[in-house]
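When a residue number appears, it is its place in the shown sequence, counting from 1. Scope of the values below: all heavy atoms of this structure, side chains included, with no hydrogens, waters or symmetry mates. Note that the structure is a prediction, hence the values are computed from the model and not measured.
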Amino acid sequence: MSWLSRVPSIGHAPRDGHGDSAHLLDRWVAPRALPLVVVVLLGLATLGLHLRYARPGGAHMRGLGPSELVRDEGTVLYDAYRITRGEVMYRDFFEFQTPVFYATYALLFAVTGPSLPAARALAAVFTTLATLLLADAVSRRAGAIAGVSAGAFHVLVIVPMWPVAYPHWQAELFAFAAVWLLLARAPSPRRAVALGALAALCALTIQSLGLPLLLALVLGETADRVAREGRWRGLVGGVHVLAGAAVVTVPVLVYFAIHGALDDLLYCTWTWPLAHYAAGNQDAAQYAAYLDDLVAAHARLGPGLWQIAELCLRLVAVLPVVALALGAVAFAWVLWRLARGAVGPSDAVALGVCTAGVVSLFSGKARPDITHLAFQASFGLIALAIVVGRGRRLWATCALGLFLAEVAFGAALVHATKAGSVRQAEAPLTFRDALRRNADQYWCLRGGILDRIERDVPRDSPIVVGCLEGYVYLLFRPAAVPHTALPFHDGDNYLEPPQWRRVADGILRERPLVVSVMPYQWAQMTLAQPELREQRGATGFRSLPRASD
């Protein structure tokens with residue numbers, strides 16, 4: 001009798017009750033939910049590790065430097081804060097991502113004010129929930145050892161590459177919740193509606209992830225029901241998914257319709273990204289861009305740990321390819337296993353969802369650099385667990401080895417921050433300090449502008465600063481223009497002439513005391529609105545008057 005005949009059912013003890021080591025291993029490699037104690041310990045570890053990013057100085061994967069400011073984070077958080085100031089997204093300010101993240105953090109800022117530590121603390125909660133969903137989903141198909149290893153990979157390798165409050169992490173949470181629901185609950189109309197709602201929340205956070213996810217769920221649930229109940233009754237499965245999506249989506253559309261912003265929503269989240277996003281990200285158009293730079297930066301960890309770091313980093317780049325390949329190449333094989341009962345229908349749908357989770361990376365319209373690969377790499381772990389992980393000791397052994405490598409890498413990161421590779425004393429104490437320290441790196445923040453803003457500009461008086469995105473606005477003064485982030489370089493072709501005119505019109509209307517922008521930005525504004533040149537002068541970098549001027 002093979003050991004497979006003794007593998008317990010999910011959530012049950014071995015049938016013969018023996019406590020020898022073989023049976024103990026069977027419990028940890030058998031498909032089953034994670035034990036509660038493991039869930040609690042993994043959750044506490046994840047939350048504790050990532051709360052250290054709530055202030056500057058935590059270990060950061062990108063070159064082992066102290067974590068400080070991430071420019072894109074400043075934009076999305078300030079735009080969330082704009083909602084609490086009464087502005088309507090898309091109508092009053094530009095954003096090309098969908099609104100759920102911004103609404104979530106607007107609610108937070110309504111309570112805490114524009115607080116970076118609060119935002120990162122909430123992001124740590126989302127990270128923890130996503131990690132637990134990922135670990136339990138993998139465990140249900142490949143055992144607890146593989147589940148904990150997948151969770152550890154997410155905690156110690158993936159999230160530290162971008163440990164900030166950002167929409168992709170929230171979208172990932174909704175996607176993992178959908179996969180977990182597929183693997184943990186039996187098919188039912190209620191489950192299908194919940195799946196549709198989660199997919200809609202994902203699409204309303206990051207459209208390039210959520211829309212393929214929704215399509216995969218509609219097709220998968222329809223195919224599942226057709227196989228079980230016949231052609232016509234089976235179509236109801238997809239209808240239930242769409243109904244769940246509608247429950248979430250319709251109120252959002254009604255809100256923007258009431259505020260006269262439906263056309264703006266369509267333009268900002270669909271028309272503009274397809275026309276301009278890829279053109280403005282040519283530096284990151286190559287698959288796994290910046291990976292070699294990241295690997296080289298970790299050489300300071302020394303022999304042994306450097307090789308572990310390289311292994312972990314290169315796995316991040318490989319996993320999306322794994323998810324795509326398993327979905328595309330193994331489709332017929334999965335159907336064959338379905339016929340034999342070796343893979344359940346929900347497994348096949350979940351595999352399609354994992355493929356949908358990474359497909360945008362290969363579309364030519366998204367950034368496939370190493371950071372964006374990290375946002376979606378964990379779908380590859382789930383796909384592996386579904387296809388090759390069921391009760392395989394080899395998979396469990398590989399997962400255990402990967403777990404030990406991940407722990408060594410995570411420990412090295414923390415050690416590097418505290419004891420040598422990065423001197424903790426050099427890290428600023430607050431995000432305001434971090435912004436000041438970075439000011440001289442940016443042309444439009446030189447000359448003590450930040451001090452002059454705090455000294456000479458009333459707290460509610462708007463300003464225009466054309467670099468560092470939203471951090472200046474979040475920490476110092478509100479923005480006078482509808483574009484929190486302006487393109488840095490000539491040729492980016494990010495904004496169209498009407499958008500530049502909106503920026504110029506905002507300056508003319510608000511008459512801000514500080515307009516500090518780059519020559520390229522100023523040239524585009526004055527080209528779109530010549531009246532701005534007449535009022536503000538012809539030079540590229542502009543005004544720094546005192547409040548008394």
Side-chain angles (χ1 to χ4, degrees), residues 71-72 74-76 78-79 82-83 87-99 102 207-208 256 259-285 363-367 442-445 462-470 472-473 478-544:
R71 293 199 310 248
D72 291 356
T75 297
V76 298
Y78 178 71
D79 283 347
R82 296 181 85 140
I83 298 174
E87 297 183 61
V88 175
M89 197 171 180
Y90 311 119
R91 186 194 71 184
D92 297 328
F93 63 91
F94 174 83
E95 257 299 343
F96 62 87
Q97 292 165 332
T98 35
Y102 300 90
Q207 57 269 45
S208 61
F256 285 106
H259 290 85
L262 265 182
D263 289 344
D264 297 314
L265 167 68
L266 179 63
Y267 170 77
C268 291
T269 63
W270 187 254
T271 304
W272 185 89
L274 290 176
H276 295 280
Y277 183 78
N281 287 280
Q282 291 301 312
D283 61 322
S363 67
K365 294 294 183 180
R367 286 175 59 113
Y442 296 93
W443 185 80
C444 60
L445 290 183
I463 61 173
V464 180
V465 178
C467 57
L468 263 186
E469 276 89 356
V472 174
Y473 302 135
V481 293
H483 285 266
T484 303
L486 297 176
F488 277 15
H489 306 295
D490 191 2
D492 274 352
N493 194 30
Y494 236 45
L495 303 189
E496 298 174 347
Q499 293 178 284
W500 282 114
R501 184 181 177 105
R502 285 191 71 194
V503 174
D505 288 344
I507 295 174
L508 289 173
R509 180 178 62 253
E510 298 289 344
R511 298 184 180 277
L513 293 174
V514 171
V515 178
S516 181
V517 296
M518 297 179 177
Y520 160 68
Q521 296 165 344
W522 184 254
Q524 293 295 322
M525 293 178 206
T526 54
L527 182 65
Q529 177 53 279
E531 185 181 349
L532 185 64
R533 180 184 296 268
E534 297 171 8
Q535 289 199 11
R536 289 277 181 167
T539 53
F541 166 62
R542 277 332 55 118
S543 58
L544 303 173

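Here the straight-line distance linking atom CD of Gln499 with atom CZ of Phe94 works out to 5.0 Å at 0.5 Å rounding. In this structure, Trp500 CH2 and Thr526 OG1 are separated by 10.0 Å, a value rounded to the nearest 0.5 Å. Atom-to-atom distance recorded for Leu532:CG and Leu527:CG is 11.5 Å, nearest 0.5 angstrom. Considering CG of Leu486 and CH2 of Trp522, their distance stands at 12.0 Å, rounded to 0.5 Å. The OG atom of Ser208 sits 13.0 Å away from the NZ atom of Lys365 when rounded to the nearest 0.5 Å. Between the CZ atom of Arg509 and the CZ atom of Arg502 there is a distance of 8.5 Å, given to the nearest 0.5 Å.
When all heavy atoms are compared, the tightest approach of Tyr78 to Gly470 is CB-O, 3.7 Å. The shortest non-hydrogen separation linking Arg82 to Asp92 is NH2-O, 4.3 Å. Minimum interatomic distance between Glu510 and Ala480 (heavy atoms only, all atoms of both residues): CG-O, 3.6 Å. In terms of heavy-atom proximity, Pro497 sits nearest to Ala528 at O-CB, 3.8 Å. Of all heavy-atom pairs spanning Asp264 and Gly260, the tightest one is OD2-O, 3.9 Å. The two residues Ala366 and Tyr277 make their nearest non-hydrogen contact at CA-CE2, 4.2 Å.
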Before giving the answer on side-chain contact (heavy atoms from CB on, under 4.5 Å), spell out for Val517 and Met525 the whole-Å C-alpha distance, their side-chain angles and the decisive distance to 0.1 Å.
-> CA-CA 10 Å; Val517 296; Met525 293 178 206; 3.8 Å; yes
Does the pair Tyr442 and Arg71 meet the rule for a side-chain contact (heavy atoms from CB on, under 4.5 Å), with working shown?
-> CA-CA 12 Å; Tyr442 296 93; Arg71 293 199 310 248; 3.5 Å; yes
Worked verdict on Val464 versus Val514 for side-chain contact (heavy atoms from CB on, under 4.5 Å) | CA-CA 6 Å; Val464 180; Val514 171; over 6 Å; no
Would you check, one step at a time, whether the test side-chain contact (heavy atoms from CB on, under 4.5 Å) holds for Leu262 with Tyr90?
-> CA-CA 9 Å; Leu262 265 182; Tyr90 311 119; over 6 Å; no
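At distances below 3.5 Å, not a single donor-acceptor pair connects side-chain atoms of Ser516 with backbone N or O atoms of Val465. A side-chain donor-acceptor contact under 3.5 Å links Gln521 to the backbone of Gly466. The main-chain N or O of Met89 is never found under 3.5 Å from a side-chain atom of Glu95 such that the two would form a donor-acceptor pair.
In summary, the aromatic rings of His276 and Tyr494 are positioned with their centroids too far apart to meet the 6.0 Å limit.
At least one side-chain heavy atom of Leu508 sits less than 4.5 Å from a side-chain heavy atom of Gln529. Here the side chains of Leu495 and Pro487 are in contact, with some heavy-atom distance below 4.5 Å. Side-chain atoms of Val472 and Leu445, non-hydrogen and from C-beta on, do get closer than 4.5 Å to each other.
Salt bridge Arg501/Asp505: present, at least one basic N to carboxylate O contact under 4.0 Å.
The ring-ring contact (aromatic ring centres under 6.0 Å, His included) test with Phe96 singles out one residue from Tyr102, Trp272, Tyr267, Trp270, and that residue is Trp272. Across Thr75, Ile463, Leu468, Asp79, a single residue satisfies side chain to side chain contact (heavy atoms under 4.5 Å, CB included) together with Tyr473, and that is Ile463.
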